[in-house]
There are 2 protein chains.
Amino acid sequence: MPEESLSRGEQTRTDIIQAAHELFIRQGYHGTSMRQIAKKAGIALGGLYNHFDSKEDVFKEVFLEYHPYREVLPAVLAARGNTIEELLRDTVSRMIAALQDRPKFMNLMFVEVVEFDSIHARELFASMLPQIVGVVQRTLGEGREELRPIPLMMLIRAFFGLVFSYFLTEIIFAEASPPEFREDAIDYLIDIFLHGVLKEPEILEG
Amino acid sequence: MPEESLSRGEQTRTDIIQAAHELFIRQGYHGTSMRQIAKKAGIALGGLYNHFDSKEDVFKEVFLEYHPYREVLPAVLAARGNTIEELLRDTVSRMIAALQDRPKFMNLMFVEVVEFDSIHARELFASMLPQIVGVVQRTLGEGREELRPIPLMMLIRAFFGLVFSYFLTEIIFAEASPPEFREDAIDYLIDIFLHGVLKEPEILEG
DNA sequence: CCTACCGATCGGTAGG
DNA sequence: CCTACCGATCGGTAGG
């Protein structure tokens, strides 16, 4: 949404959430002070409390505003392919590309898991699950027969795991590995995943 | 090592690290105070500084003492199997079982990634990589031919990803999913992984 | 290893 | 939305 369409109050609120997000993913929740957030948002400390009740309230809003669903859903909906394999490959590529622009997106979840014991993450996921299942079912369509007999929930979980593990191992392997081991990393991980869920991944055998 | 073999100073140091670990994985680094650590370790605040130079120094020692390698290495070395498939299955089972006792082991890594920008994690991993590669090569042995042609680093990365993603999705899926979707979760994830890396996973096809 | 203390900073609020 | 302030707590240290 364009900034011009926001009232002054809405614009300030947006600025606060954006500032808080940048600080939370780099310093954690307790490592970020309300004064830092206020300064980055361009207002005085007291002004924060015209928009939010407490620091925790700020975090909740940041968490809802910046969780990766925003990038993930459009990527899944835009994906195309004549076979399940092509479709899954295109979906993962789009998701990775969309999330690549925001490389620290997992940090927000990490902060939530540690400092809030995952309560927001679990609640959010539970509320989104029906929609996720629906999208996955529609996306797979009849092509489901090309897949090995794996429960839908396990497919979803393995798919999440694929994306998670790519970004997580990217963080750790980044410096230690020679470049040639990293460039095609996502292609290899996708290959392994597809080979793992497809009945006959012909293209991969070549 | 038995507690009796520790001098009083060594015992206190161990108590401090253990206390700090429990607090860091639940509250993060900045969310934990030196006073909390001292209280939990049973000494006064000032006493901490006879053993550690600073709070960051405490964290570094905790990180080195409690990273998952301690559980992972014995699990890999103890694994047995007549085929690569049996071997991989046994390895993963042992690793998961060993780490299950310490369900928040990933939190320490999350804290490090967010609040220290992964510097310790990357350094640790880089220093362990040669040993990891050696263990993996010895473990796979000649059975390497049973695997699809995937670079060794990618096998390691996918294997890490399997374990990471299991624990990470367990956190989020836990509440939202009916029990029947979770009980065999690790078996399904291992199946997908094995099917993804093996040339002919005969047992799985049945 | 403890007591007592340092300056700095914390989340939050009153009042305008 | 800001200024000025609250009590509480922070990491760390001096001195014993």
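The basis for the numbers below is simple: all heavy atoms, side chains too, and nothing from hydrogens, waters or symmetry mates. In what follows, chains carry the letters A, B, and so on, assigned in the order in which the sequence lines appear, proteins first and then strands, with residues in each chain numbered from 1.
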From the list D:dA4, C:dT3, C:dC5, which nucleotide is the closest neighbour of the side chain of B:Ala44? C:dT3
Nearest listed nucleotide, side chain of A:Leu45, among D:dG11, C:dT13, C:dC10: C:dT13
Minimum heavy-atom separation for B:Ser118 to A:Ile171, with atom names? OG-CG2, 3.2 Å
Given atom CZ of B:Arg35 and atom P of C:dT3, what is their separation to the nearest angstrom? 13 Å
Nearest to side-chain heavy atoms of B:Ser54, which nucleotide of D:dG12, C:dT3, C:dT13: D:dG12
Looking at D:dG12, C:dC1, D:dC2, which one has an atom nearest to any side-chain atom of A:Ile43? D:dC2
A:Lys55 side-chain proximity, nearest of D:dG12, C:dG12, C:dC1: C:dG12
Closest to the A:His51 side chain, choosing from C:dG12, D:dG12, D:dC1: D:dC1
NZ/NE/NH1/NH2 to OD/OE distance under 4.0 Å, A:Asp53 and A:Lys60: no
Could you check which nucleotide pairs with D:dG15 in any of the strands shown, counting Watson-Crick or G-U wobble with both distances under 3.5 Å? C:dC2
Polar contact flag, side-chain donor to acceptor under 3.5 angstrom, B:Glu65-B:His21: no
Candidates D:dC1, D:dG12, C:dC1 - which lies nearest the side chain of B:Met34: D:dG12
Taking only side-chain N and O atoms of A:His30, does any of them lie within less than 4.0 angstrom of OP1 or OP2 on C:dC10? no
Rounded interatomic separation in angstrom, taking CD from A:Glu56 and C1' from C:dC10: 16 Å
Salt bridge B:Glu86-B:Arg80, side-chain N to carboxylate O under 4.0 Å: no
If you only use heavy atoms from C-beta on, which nucleotide in C:dG12, D:dC2, C:dC10 is closest to the side chain of A:Tyr49? C:dG12
Establish, with yes or no, whether the OP1 or OP2 oxygen of D:dC10 is under 4.0 angstrom from a side-chain nitrogen or oxygen of B:Ser33. yes
Nearest-nucleotide pick for B:Thr12, side chain only, options being C:dC1, D:dC2, D:dC1: C:dC1
